[in-house]
Each structure stands twice: as structure tokens, then as C-alpha cells.
Amino acid sequence: FVSSQVEILDWETKKQLCFLDKVEPNATIREIRLMFHKLYPRWYPARQSIKLDPKGKSLRDEEILQHLPVGTTATLYFKDLGPQIGWTTVFLIEYTGPLFIYFLFYFRMTFVYGLDERFTSSPHPVVNLACICHSFHYIKRLIETIFVHRFSRGTMPLRNIVKVNCV
């Protein structure tokens with residue numbers, strides 16, 4: 001077999017970050033990410049975006065080097081996606097927030113309602129029912145996230161957690 005060479009450039013500056021010699025032609029992008037990670041440990045595979053063109057789409061992990069439109073020396077572009085967070089963690093945060101924020105109002109905390117007795121006295125029975133239903137709903141979602149859901153993508157950028165999931 002003929003081994004390939006992979007040159008990885010920074011997507012913005014076009015500076016060479018590394019040169020991988022003797023890469024098997026049937027190597028996947030996932031394997032190339034792992035090789036790159038060995039040279040740059042701070043850029044773990046989930047944090048890497050590998051592209052054929054600096055402004056193009058990211059290559060999928062399953063894509064095979066010899067099936068890409070490159071010669072024996074492939075030039076790929078690297079973009080740092082930033083710190084990543086797992087999708088399970090994203091949803092646990094997303095469902096835990098409303099569950100506990102509701103309790104601030106249910107238990108009529110004085111820092112929310114003040115010291116007036118009219119606002120801090122025991123709640124009406126329908127308020128208790130609403131709290132039970134609200135709590136059941138979010139606890140069910142938390143349990144589903146842990147035991148049922150499987151996410152197709154492993155991670156998302158940490159900086160997007162407020163932007164995407166709390167708007």
C-alpha cells in the first residue's frame with residue numbers, strides 16, 4: 001500500500017500545525033483527530049473541527065482519507081471549537097434549573113416576597129398540586145435523560161449552553 005501524508009493547517013492563519021507522515025490511506029478522520037490529539041493534547045477530538053477547505057463544512061469522523069478529493073499529501077484545516085460539554089450534562093442542567101427555581105416561589109422565600117405575612121403564609125392547596133405536577137414533570141425529564149435518551153452527537157460548545165438552551 002502507498003502511505004499518505006497529512007498536513008494540518010490552522011484555518012485562519014494557514015500556518016502549519018503538524019505534518020503526519022505515513023498515514024494509511026484507509027484512515028478515518030476520527031483516526032486523524034486522534035493522531036492530532038497526541039501532538040496537541042489540549043485539543044481533544046470533540047474540540048476539533050477538521051475541514052478540507054478553511055470555510056467549508058467539518059468532515060465527519062467516518063469519512064475515509066482515500067475517498068476525499070486529495071492526493072497523496074492531504075491538506076486539512078483545523079478549527080478549535082472551544083471547550084465542549086456532553087449533551088447529557090446539557091439536559092441535566094436545563095431541567096434542574098426550572099425544578100429548583102420553582103421552589104424559590106413555592107416555599108415563598110423572604111428574599112423573593114419580602115417579610116409581609118400575607119405573602120409568606122402557607123400556600124393554597126392548588127399551589128401544592130401545581131408544585132407536585134411541576135416537580136414530577138422535571139424529575140421525569142431528568143430520569144429520561146439519564147436512563148433513556150441517547151444523543152447522536154457527543155458534545156456541544158460550552159459557550160452555547162446559555163445561548164441555545166436557555167432562550
Side-chain angles (χ1 to χ4, degrees), residues 1-105 133-167:
F1 78 96
V2 178
S3 65
S4 299
Q5 299 170 330
V6 177
E7 175 185 39
I8 300 180
L9 308 178
D10 182 86
W11 77 285
E12 281 185 308
T13 64
K14 313 300 184 279
K15 274 182 37 185
Q16 185 182 60
L17 296 174
C18 72
F19 190 82
L20 304 171
D21 200 17
K22 297 181 183 168
V23 177
E24 292 186 32
N26 61 350
T28 62
I29 295 300
R30 176 181 290 121
E31 292 166 341
I32 292 170
R33 284 181 205 267
L34 291 171
M35 290 179 216
F36 185 74
H37 174 60
K38 284 182 183 173
L39 297 170
Y40 295 96
R42 71 183 181 136
W43 288 321
Y44 47 91
R47 190 174 174 151
Q48 301 171 21
S49 172
I50 304 291
K51 306 174 179 194
L52 279 174
D53 178 57
K55 294 182 175 140
K57 294 174 73 175
S58 293
L59 296 170
R60 294 186 327 272
D61 280 347
E62 312 80 49
E63 294 192 66
I64 297 171
L65 187 61
Q66 69 184 2
H67 297 155
L68 298 174
V70 294
T72 54
T73 301
T75 301
L76 301 175
Y77 296 89
F78 163 78
K79 180 180 180 183
D80 179 16
L81 297 175
Q84 302 290 300
I85 185 170
W87 278 103
T88 300
T89 306
V90 169
F91 282 96
L92 290 175
I93 291 168
E94 186 175 312
Y95 298 144
T96 303
L99 180 64
F100 288 111
I101 290 171
Y102 188 85
F103 290 137
L104 294 176
F105 299 96
C133 292
H134 181 271
S135 299
F136 175 76
H137 172 75
Y138 281 100
I139 290 169
K140 178 181 75 70
R141 284 187 164 203
L142 288 167
I143 291 169
E144 287 173 355
T145 299
I146 295 168
F147 296 109
V148 176
H149 296 299
R150 297 291 168 252
F151 300 98
S152 59
R153 295 183 149 256
T155 62
M156 76 173 241
L158 182 60
R159 68 181 176 274
N160 288 354
I161 194 158
V162 173
K163 179 172 56 175
V164 173
N165 294 80
C166 298
V167 178

request  = Could you tell me how the ring of Trp43 sits relative to the ring of Phe36: parallel (under 30°), tilted (30 to 60°) or perpendicular (over 60°)?
outcome  = parallel
inquiry  = Measuring from atom CG of Leu68 to atom CD of Glu63, what distance do you get when rounded to the nearest 0.5 angstrom?
reply    = 5.5 Å
inquiry  = Is there a side chain to side chain contact (heavy atoms under 4.5 Å, CB included) between Ile8 and Leu39? Walk through the geometry before answering.
reply    = CA-CA 12 Å; Ile8 300 180; Leu39 297 170; over 6 Å; no
task = Enter the distance from Asp10:CG to Lys15:NZ here, rounded to the nearest 0.5 Å.
result = 7.5 Å
message = Quick check: closest heavy atoms across Ser49 and Leu81, and the distance to 0.1 Å?
response = CB-CD2, 3.7 Å
key: Residue Lys22 excluded, over 12 heavy atoms near NZ under 6.0 Å   = no
With a 3.5 Å cut-off and sequence neighbours excluded, list the donor-acceptor pairs that the side chains of residues 136-145 form with protein atoms.
| from | atom 1 | to | atom 2 | distance (Å) |
| --- | --- | --- | --- | --- |
| His137 | NE2 | Arg141 | NE | 3.3 |
| Lys140 | NZ | Glu144 | OE2 | 3.3 |
| Thr145 | OG1 | Arg141 | O | 2.9 |

Those residues that, when tested against Leu158, pass side-chain contact (heavy atoms from CB on, under 4.5 Å) (two or more places apart) = Pro83, Ile85
ask   = Should Arg47 and Asp80 be marked as a side chain to side chain contact (heavy atoms under 4.5 Å, CB included) after you check the CA-CA gap, both sets of side-chain angles, and the distance that decides it?
value = CA-CA 6 Å; Arg47 190 174 174 151; Asp80 179 16; 2.6 Å; yes
remark   = Smallest heavy-atom separation, Leu65 atom then Glu24 atom, equals CD2-O, 4.1 Å
message = Given 3.5 Å as the limit, does a donor-acceptor pair link the side chain of Gln16 with the main chain of Lys14, or not?
response = no
note = Residues passing the ring-ring contact (aromatic ring centres under 6.0 Å, His included) test with Tyr95, sequence neighbours excluded, are Phe91
task = Determine the minimum heavy-atom distance between Pro69 and Leu52, stating which atoms define it.
result = CD-CD1, 3.8 Å
ask   = Can you find a pair of side-chain heavy atoms, one from Phe78 and one from Cys18, that are under 4.5 Å apart?
value = no
request  = Supply the atom-to-atom distance Thr28 OG1 to Ile64 CD1, rounded to the nearest 0.5 angstrom.
outcome  = 7.5 Å
